Structures are given as structure tokens and as C-alpha cells.
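To start, the structure under review is shown below, and the notes come after it.
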Amino acid sequence: MNEYNPHEAIDFIFKKAPEYAKSCGEVAQLENYRHSLKAIKMAQTDEQSLGAQEREAYRSQEYQDLCKAIGIAVENKEALRWQLEAAKMRFEAWRTQQANDRNIDRLTK
């Protein structure tokens with residue numbers, strides 16, 4: 001097995017953590033703005049019933065664009081989350097291998 005430097009995984013997590021936090025914040029901000037945009041769009045329509053106002057708000061291009069932006073933000077957040085998880089797994093695999101190597105050394109001496 002090749003030598004693996006566990007510090008690379010730790011450094012990766014350390015460097016990516018702020019980017020992941022920013023992605024989480026963007027998702028939260030977009031999801032909360034979705035409610036505001038719906039209210040704004042409902043107020044802008046001439047429809048009288050709430051159902052018709054809601055329909056008009058949902059079919060607006062701005063609302064559709066926002067939904068796409070939420071999808072992209074969630075995709076980015078999830079990609080970062082799994083990159084961080086992979087780095088953790090690499091470190092744990094290294095740790096397990098080190099413990100196994102120590103046990104083999106004890107048994108063969």
C-alpha cells in the first residue's frame with residue numbers, strides 16, 4: 001500500500017469548510033426569499049382569490065428562476081458535503097490501516 005498522508009484529508013476539510021458553510025447559507029437565503037417573492041408576486045396580480053394569486057405567483061418567470069437557483073445551490077452544497085465526507089472517510093481508512101498495522105507488528109514480534 002502506498003504511503004498516505006492523512007494531513008491532506010484534514011487540510012482539505014479545513015479549506016473547504018468555509019465554502020460549505022457559504023453554500024448552506026445561500027440555500028437558506030434562497031429558500032427564505034422564495035416565500036417573499038411569492039408574496040410580492042401575489043400582491044402584483046389583479047386576481048382577487050388567493051388561489052388565483054398563488055397560481056400567478058408560481059407561474060412567474062422570477063419564481064421559476066428562483067427555483068432553478070435553489071436547485072443549483074443545493075447541488076453545490078451537496079457536492080461539497082460529499083467531498084468533505086470522502087475526506088473524512090479517507091482519514092478513517094488511514095487510521096484503521098494504522099491500527100491494523102500495529103496489531104500485525106505486535107503479533108509478528
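Positions are given from 1, in the same order as the sequence printed here. Since this is a predicted model, take the numbers as computed values, not measurements.
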Would E19 and K22 satisfy salt bridge (charged side-chain N to carboxylate O under 4.0 Å, His left out), going step by step from the backbone distance to the final call?
CA-CA 5 Å; E19 188 177 343; K22 182 179 179 191; over 6 Å; no
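Interatomic distance, CZ of R90 versus CD1 of I13, reported as 9.0 Å (0.5 Å rounding). In this structure, CD1 in I72 is found 12.5 Å from OG in S23, a value given to the nearest 0.5 Å. The distance from atom OG of S36 to atom CG of L66, rounded to the nearest 0.5 Å, is 10.0 Å. The line from CG of D101 to CD of Q97 is 4.5 Å long, rounded to the nearest 0.5 Å. Taken to the nearest 0.5 Å, the NZ atom of K109 stands 12.0 Å off from the CD1 atom of I104.
Heavy-atom neighbours of H7 NE2 from other residues, nucleotides or ligands within 6.0 Å: at or below the threshold of 12. Shown here is R55, whose CZ atom has more than 12 heavy atoms of other residues, nucleotides or ligands within 6.0 Å. For D105, the CG atom counts as densely surrounded, since its 6.0 Å shell holds more than 12 non-hydrogen atoms of other residues, nucleotides or ligands.
No salt bridge links E31 with R34; every basic N to acidic carboxylate O contact stays at or beyond 4.0 Å. Using a 4.0 Å cut-off between charged nitrogen and carboxylate oxygen, E62 and K41 count as a salt-bridge pair. Using a 4.0 Å cut-off between a side-chain N of Lys or Arg and a carboxylate O of Asp or Glu, R81 and E78 qualify as a salt bridge.
L84 and V27 are not part of a single hydrophobic cluster, where members link through side-chain heavy atoms under 4.5 Å apart. Linking ILVMFWY side-chain heavy atoms closer than 4.5 Å, directly or via other members, places F91 and L80 in two distinct hydrophobic clusters. Under the 4.5 Å side-chain heavy-atom criterion for Ile, Leu, Val, Met, Phe, Trp and Tyr, Y20 and F12 are members of the same hydrophobic cluster. Both W94 and I10 are part of a single hydrophobic cluster, where members link through side-chain heavy atoms under 4.5 Å apart.
When all heavy atoms of A9 and A87 are compared, the closest pair comes out as CB-O, 3.4 Å. The two residues D46 and Q48 make their nearest non-hydrogen contact at O-NE2, 3.3 Å. Taking each heavy atom of L30 and I70 in turn, the nearest pair found is CB-CG1, 3.6 Å. Nearest heavy atoms, S60 versus A57: OG-O, 2.9 Å.
Across M42, Q53, E54, a single residue satisfies side chain to side chain contact (heavy atoms under 4.5 Å, CB included) together with E47, and that is Q53.
Side-chain polar atoms of Q29 and Y33 form no donor-acceptor pair below 3.5 angstrom. In summary, the side chains of Y58 and K38 do present a donor paired with an acceptor at a separation below 3.5 Å, with no hydrogens or angles considered.
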